[in-house]
Amino acid sequence: MLWANGPSMTDTSTNLHAAFAKVIDTGLDTLVASGTLPARLPRAAITCEPPRDTSHGDLSTNAAMVLAKPAGTNPRALAALLIAELQKDTRVVSAEIAGPGFINLRLTDAAWLGELALIGSAGADYGRSTMGGGKIVNVEYVSANPTGPMHMGHCRGAVVGDALAQLLEFAGHKVIKEYYVNDAGAQVDVLARSAHVRYREALGIDVGAIPEGLYPGDYLVPVGQALASEFGDKFVDAPEADWLIPFRTRAVAAMLVMIRNDLALLGIHHDLFSSEAELQAAGKPEAAEKWLRAHDLVYDGQLEAPKGKTLDDWESVELPLFRSTKFGDDQDRPIKKSDGSWTYFGADLAYHFQKAETADALVDIWGADHAGTVKRIKAAVAALTGAEGAPPKPFEIKLVQMVQLLRDGEPVKMSKRSGNFVTLAEVVEEVGKDVVRFSMLTRKPDAQMDFDFAKVVEASKDNPVFYVQYAHARICRNIAKGRDEGFAPSAENLALLGAEELELVRLAAQFPRIVESAAVAREPHRIAFFLNDLAAGFHSFYNLGNDRAEKRFIVAHDSALTAARLFLAAQIGQVVKNGLALLGVEAAEEL
RNA sequence: GCACCCGUAGCUCAGCCGGAUAGAGCACCAGAUUCCUAAUCUGGGGGCCAUGGGUUCGAAUCCCGUCGGGUGCACCA
C-alpha cells in the first residue's frame, strides 16, 4: 500500500510497518529476477497491515491473492513462493498461508521491542514521514467573510483544515496555511454601512433599530466608537461615497482582529491572510481573463436562466462566461457582473492561480453549501495551471458537511444578518478548545453532524477526548511516581516485557502507517480514532494490575522490570502525545 | 428537474481506492475499587450494513436503479 502511488519516499528503516512493505516488495523482486514471476506485475493493490483478528498474526498481506491472476497462477501457489522469500528475514518467526491466500506473518519479540526503542529515540518525531517529499501544499481553510465574529458554522472546517495542515506537515510536506479574505464584495459594503450606523450612534445620535439588511450585531459598537474618535462628526451627514471606503477598510480590519482572536481560542494560526481586494487591485483577474480568452475558455455570451426556480424578473444579458460546461458543469459561469465588477468566481479563479504559483498542490476546505461551485473552480484552475501542456497543479476541495446547530433540541437558523448565531468563542469558553476540536475530529467530514450547544456543554465531561487525555495523564503520573520511588524508565531490559506489553507495542507501532494513510486520504479523523484505540489498549493493560500486582508498572522488588515497564509507558505516552499534537489537542499531564 | 453528500446495533458514529467471524462509545444487564486516581476495566444481550440488481475467487466497501434524509442550483458570497 505504501508503494501504491509511485516511489515511496518513506525511509524504510524508520518503522516496522514500512520496513515489511519493503520486505515484501524485495521478495517479489527476487521472484521476478529468478524468472519465477513475470515482470511488471501491478503491485499497487498490495497491502501489508495488521489483520483485524490478531490471532492471525502480526502482519498480513494480500500479495498472493492480488498477483495470482496477472501472474497466471493461483494464490496459494504464489503464496508458497513468496513465503519462502519472506522467511529469509530474521525478524520473521512464521509465515503461513491462510484463508483464500493471505500470508500471515509473525515477527520476533525482538523486532517489536526494537520498534519500542525506536519510539524512544525518535520521540516527538515518531510517526513523522518523508512521504510528502518536501512538496509545498497550500491548505486554505476558514476564509469566513470578514463581517463578524466566528460562529459555530465555521468551526468544523476550521478544525478539520487546521488538523489536516498539521498532519500534512508531519507527513513530510511544507504547508502554507492560508485564509482568503473576501474583502471586495457587496457584503463588506454592507459592513461599512452597518459601521456607519454605529458611528453615528457613538456620536450620540439616536439611530433607533438597526435598519433591515444591515448587520445588527453589537460587535460593531466598538468599531463605531473607534470611527467616531478617529473622524469626529465629519461623516455624520456626508454622502456614502465620502466615507464608504475608509469605513470599509477599518471595519474589515477590526473584523479580522476579532476573527484572529476567535481562531486563536481554537489554537488556529494561519500563515497567510490573502486579500481579495488586493488581488483585484493588482489586476490578477484581468490577467486570468486575458489568458482564458486567448484559449477560448472565456467568451461573451448569454447567461441561461437559473434552473429549478422561476425568476419573474429574469432578463438575459451578455456577460463574459467561462466554459465550465466543457468540464461537466451544467452551465457556463460568468466571471464578471454586468456592472463590470468581478464575480466571486472571477476573482476566485485568479486567486487560485496565484496560490498555485507558490505551491505544488492546493487543498481547499469548503463548507458543503458551496459544493455547487466545485466543478467550475476545479475546471478553471486545471485550465490555468495546466497552461502550455504542463500538467495541472493538483487541486483538491475537501467538502465539510454542515453542522446542524441545535438549541434545546430546536434547530438554530444562523445568520449574521439576523444576528442570531452561536459564536465560536462562547462555545470554546464554555467547553474548552480540546473538547471542541476533538468533537469535530471524531467523525468523517463528509457526514452531517448535529451540534447541540446544551448537550455538548452537558456531555463535555464524557467527551472521548478525556479518555485519551486520561491515558496520557495516567502515564505521566506513573512515571512521576516511579521517579519518586527511585525508578527511571530504561530500554536496557525490554526483553523482560511480556505478551500483554508487546500487544500494546504492536498497537502503538501502527502510528506511522496511520499517519501516512490519513495524510494521503486527507482525513485527520483517523488519527483521533487511532488514539482512542491506543488509549483503550493502555487502560486495559493498566487495569491488569488491579488483579495481578506483578503486571503493574512499578514492581518495587524488580527494578529492571520496572524500568522496562516505565519505558513502555513513556513511549505509549509519547505516541499519544504525538497524535494529539496533530489534532491540536493538549496532552495534559493531569486532569 | 439537475448536481453533490449521507443511510451500518435502540442512540451517536468508525470501518469504504474489495479481503478472513462487521467494530467502538452511550444506553441496558451482570461484575471488578482495604489494590499504581474507577474520568478506568471485565463479561453479556443487541445487525437483512436502507433496498433491488450487477461486477468477481470474495462486496458494508466498486457500478447502476429505487427509496429516505441533507445541501446547493444568481451577475450572491
Side-chain angles (χ1 to χ4, degrees), chain A residues 1 4-5 44-45 47 51-53 56 60 62 65-66 68-69 74-75 98-102 104 143-145 147 182 184-188 276 303 305-309 311 314-315 317 319-321 328-331 333-348 367-375 399-402 404 442-450 459 461-464 466-467 469-471 473-474 477-478 481-482 485 520-521 525-526 528-529 532-533 535-536 538-549 551-556 565 569 590-591:
Chain A
M1 185 118 185
N5 302 312
T47 60
R52 286 194 187 142
D53 185 343
H56 288 139
S60 182
N62 63 353
M65 289 186 292
V66 170
K69 192 177 237 181
N74 70 72
F102 290 101
N104 291 332
S143 299
N145 283 337
T147 55
N182 300 128
Q187 78 285 354
V188 284
E276 181 185 5
L303 195 62
K307 306 226 165 70
K309 48 166 79 171
L311 292 184
W314 178 259
E315 207 179 308
V317 287
L319 291 170
L321 302 180
D329 205 349
D330 49 8
Q331 62 174 268
R333 304 291 175 171
I335 61 170
K336 270 186 184 172
K337 306 179 206 169
S338 49
D339 68 1
S341 66
W342 297 100
T343 62
Y344 183 83
F345 172 58
D348 203 31
D369 51 343
H370 291 87
T373 65
V374 167
K375 277 180 182 164
L399 291 177
V400 175
Q401 288 296 317
M402 295 288 94
Q404 157 101 314
T442 41
R443 56 211 67 209
K444 57 174 185 268
D446 44 10
Q448 297 159 230
M449 68 185 285
D450 288 348
K461 285 194 181 73
D462 297 326
N463 194 286
F466 295 122
Y467 184 77
Q469 288 182 317
Y470 182 49
R474 258 188 167 171
R477 184 171 296 267
N478 277 270
K481 184 173 158 62
E485 296 178 19
V520 167
H525 75 276
R526 296 189 192 190
F529 282 93
N532 213 65
D533 289 347
F538 173 78
H539 287 309
S540 184
F541 175 75
Y542 183 88
N543 276 276
L544 283 179
N546 285 340
D547 296 328
R548 298 161 61 189
K551 277 292 177 188
R552 294 185 188 175
F553 282 99
I554 297 166
V555 181
R565 287 254 173 83
E590 53 185 40
L591 292 183

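These figures come from a predicted structure and were not determined experimentally. These values consider heavy atoms only, across backbone and side chains, with no hydrogens, waters or symmetry-generated copies.
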(message) If I take atom CG in residue A:L321 and atom C1' in nucleotide B:A74, what distance separates them, rounded to the nearest angstrom?
(response) 13 Å
(message) Just the rounded figure in Å: distance from C1' of B:A3 to CG of A:L399.
(response) 12 Å
(message) Tell me which nucleotide, if any, is Watson-Crick or G-U wobble paired with B:C73 when both distances must be under 3.5 Å.
(response) B:G1
(message) I'd like to know if A:S540 reaches the base of B:C41 with its side chain such that a donor and an acceptor end up less than 3.5 angstrom apart.
(response) no
(message) Nearest to the side chain of A:Y470, heavy atoms from C-beta on, is which of B:C6, B:U40, B:A14?
(response) B:U40
(request) May I ask you to check whether A:Y470 and A:F538 place their ring centres under 6.0 Å from each other? (result) no
(request) Report the residue (A:N532 or A:G545) whose heavy-atom-nearest nucleotide on RNA chain B is the more 5′ of the two. (result) A:N532
(request) Hunt down the Watson-Crick or G-U wobble partner of B:U42, both distances under 3.5 Å, from any strand shown, or write none. (result) B:A30
(message) Rounding to an integer number of angstrom, what distance separates B:G69 and B:U8 when you compare their P atoms?
(response) 14 Å
(request) Could you measure between the two P atoms, the one in B:U12 and the one in B:U55, and give it in whole Å? (result) 36 Å
(request) Choose from B:U56, B:U40, B:G70 the nucleotide whose nearest atom is closest to any side-chain atom of A:K69. (result) B:U56
(message) Side chain of A:F466 only, heavy atoms from C-beta on: which candidate in B:C13, B:A39, B:A3 is closest?
(response) B:A39
(message) If you assign each of A:K551 and A:Q448 to its closest nucleotide in RNA chain B, which residue comes earlier from the 5' end?
(response) A:K551
(request) Could you tell me whether the side chain of A:S60 has a donor or acceptor atom within less than 3.5 Å of a complementary atom in the base of B:A20? (result) yes
(request) Respond yes when some side-chain nitrogen or oxygen of A:R474 is under 4.0 Å from OP1 or OP2 of B:A38, and no when none is. (result) yes
(request) Determine the contact category for A:G185: base if any of its heavy atoms lies under 4.0 Å from a base atom, sugar-phosphate if only primed atoms, P, OP1 or OP2 are that close, otherwise nothing. (result) sugar-phosphate
(request) Round to a whole Å and report the spacing from NZ of A:K461 to C1' of B:C26. (result) 17 Å
(message) Under 4.0 Å, heavy atoms only, any strand: does A:Y344 hit a base, just the sugar-phosphate, or nothing?
(response) base
